[in-house]
Amino acid sequence: MNGWMGKMLRVDLTSGVCSARPMEPSVAKDYIGGRGLGIHLLNREVDPTCDALSAENQLIMATGPLTGTGAPTGSRYMVMTKSPLTGAITCSNSGGMFPTEFKRTGYDAIVFTGRSETPVYLYLDPETAELRPADHVWGKSTHETTDALLAETDAKARVACIGPAGENRVLFAAIMNDKHRAAGRSGVGAVMGSKNLKAVVVKGKGRIPLADPDRFKAFNKQKLASFKKEIQETPLGLMINGTAGVVMATQNFGVLPTKNWQQGTFDGWEKIDGEALTRRFLKKNSPCYSCPIGCGRKTRVDDPRFAGEGEGPEYETIYAMGANCLIDDLAAITKANYICNELGMDTITMGATIACAMELVERGYLPEEEVGRSLQWGDAEALVELTRLTGARQGFGDQLAEGSFRLAERYGHPELAPVSKKQEFPGYEPRGAQAMGLAYATSPIGGSHMRGDPAYFELFGVPEFMDPHQWEGKAVVTKAFQDLSAIIDSAGLCIFFAVRHLAAKDLGVAPVGILEYLNAATGADYTLEELMQAGERIIHAERLFLTRAGFARKDDSLPERLTKTPAPTGPAKGLVCHLDKMLDEYYQIRGWTEDGIPTQEVLDRFGLS
Amino acid sequence: MEIVVKLYGDLKRYAPGDRPHFALRLETGSTLENIFRILAIPEGHHTALINGRRSSPDATVANGDTLVIMPLISGG
């Protein structure tokens, strides 16, 4: 095969046996790879009702056919499993250098099954696939683990691992690769920890085979040239201030979630935005493999209270740990981000859970004695200390480690958790960005914007602006963006290049550029229709898993804070999110019942029966 | 009439004085296009919000409005 490596590695952690399996060409074409391949395997092999932290669950790491090919941003891999946070699936993806190195070992995907008795790591190169003892790195941070495993294997290898948070089964533990990159969301790190799998070390060789290298190269040249021309005309914010530049947009549109999602504007925003980050802490940009954008930030904080060095924070971290906690101390936010990276935790859920705890304290539902310290809005010291305690599950950190929904429920007020399907939202307020509410509610992983990102058409004007306050007409465009994201996530690309440069420049966002890359790489001769159908198929396949796990319309929800309480400040003042109206239209467009279940006709049409 | 203008990012360099946030006196019925001309801001490449609502160049401003002009933003 070309583009695809043509085989998958199956690692039975219970018996310790590693075995190669061929990748079926029809599966490759129908599901593309990455996220699509992941859901295909989950549907085939994992009981959707199983305990996510049991040996019955499987952990799938999958690259896409464009990963490592040299296509712009073709640097991603996807981690798919049943989530311990939500009970639904995960789709945690990450870039950096690890995914390309992983694919150069000769495997498109690794499927981990069972559970090891003792801590192990997988060492993988084109000739070797073996589980090795990891007792000596158990308990170590992601940085220490990476350094130790590179020292004992190959300095040029790449490592993805969990930190103490994954070992301690923090429900939002991440898998970190290249030290600073996170497959962050939905607790993939906890699943890895539950399997006693500490790390995956990969060392590849050679190039990814391409079906038509000349065609690929010619298209690549054309795309990079047009990208270069465009950024000369209109500088790309991502290149200047990283994703942190988004604070300026969300604040001014009134959709920067603030004070545990009570409002969409934050007075201290200029202290935590991208310009402040660049001015105060930026050392240099840190691009992923084959990325012309380079939004990653290497940073250093010298402030003795919060000194440290690492990467980040991203926009989402700044919203969750900053505005959402009323914290305007960028040094503290950056430090808490470093701690999350080193202990291996999702910064969004961490920040959102602390903000929720702050509100529980303020309203008198959670006594500060139980927290073990004061926990008032804006307390930067508390953010850093509680983040550390959470990774270790020490003291009150043991409760924060369960995420905001379980915390708020424990104290009798689950309505204060900013979640859909028990996963915390990223940083866009749906009362002032209606489609975002629909995207959160219908994402297969719960609160997420990355499974079809309406910020593009509601806030950034890509491919064109739609009024963020209107709900009419949003279902059809959200669906189109979700289908596009399924293709991007499965191909091994990053949304930041593909949405602007590889999709049609109308609200239908047909994946025209991805089509050319895929066909040149794989020789699979996709038609545009087939590729778009593959995107839809992936969404239906994910929904099928969720349906079997018991999810339905009741779970495609937002807290009443967003659907019943009008926004109190800013441009969206007086608005609520009209989720129910958008949901009705959305299900109809998808071919799902009023209760959000895929119809038999749809399952038949996409070969999912 | 008078409006408040707030310039962000690299648009700050078009401020008439030292401050990126300033009051601007205008004739009644002025459009964003008129304001861009007064401030010598080239067309395109930015987002303009009147009271937090994205507005096109032919939109008119009213007394007391706040006009934000910021670079195009993406990502997150």
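So you know, we letter chains A, B, ... as the sequences are listed, proteins then strands, and number each from 1.
With contacts defined as side-chain heavy-atom distances shorter than 4.5 Å, the pair A:F465/B:T47 qualifies.
Enclosure of atom NZ in A:K573 is not indicated, since only 12 or fewer non-hydrogen atoms of other residues, nucleotides or ligands lie within 6.0 angstrom. Applying the 6.0 Å contact sphere to CG of A:D467 captures more than 12 heavy atoms from other residues, nucleotides or ligands. For B:E27, the CD atom sits in a loose shell: 12 or fewer heavy atoms of surrounding residues, nucleotides or ligands are nearer than 6.0 Å. For B:E2, the CD atom counts as densely surrounded, since its 6.0 Å shell holds more than 12 non-hydrogen atoms of other residues, nucleotides or ligands.
Once rounded to the nearest 0.5 Å, the distance linking OH of B:Y8 with CG of A:D273 reads 9.5 Å.
Neither the backbone nor the side chain of A:I318 comes within contact range of chain B; no heavy atom of the residue lies under 4.5 Å from a heavy atom of that chain.
Counting heavy-atom pairs closer than 4.5 Å to chain B, the top-ranked of the candidates A:H469, A:E314, A:E275 is A:H469.
Sorted by first and then second residue, the pairs that involve residues 29-41 of chain B and meet side chain to side chain donor-acceptor pair (under 3.5 Å), not counting sequence neighbours, are B:T31-B:N34.
Here the closest non-hydrogen pair linking A:M248 and B:I73 is SD-CD1, 4.2 Å.
Using a 4.5 Å cut-off between non-hydrogen atoms, the part of residues 48-70 of chain B that approaches chain A consists of B:L49, B:N51, B:G52, B:R53, B:R54, B:V68, B:M70.
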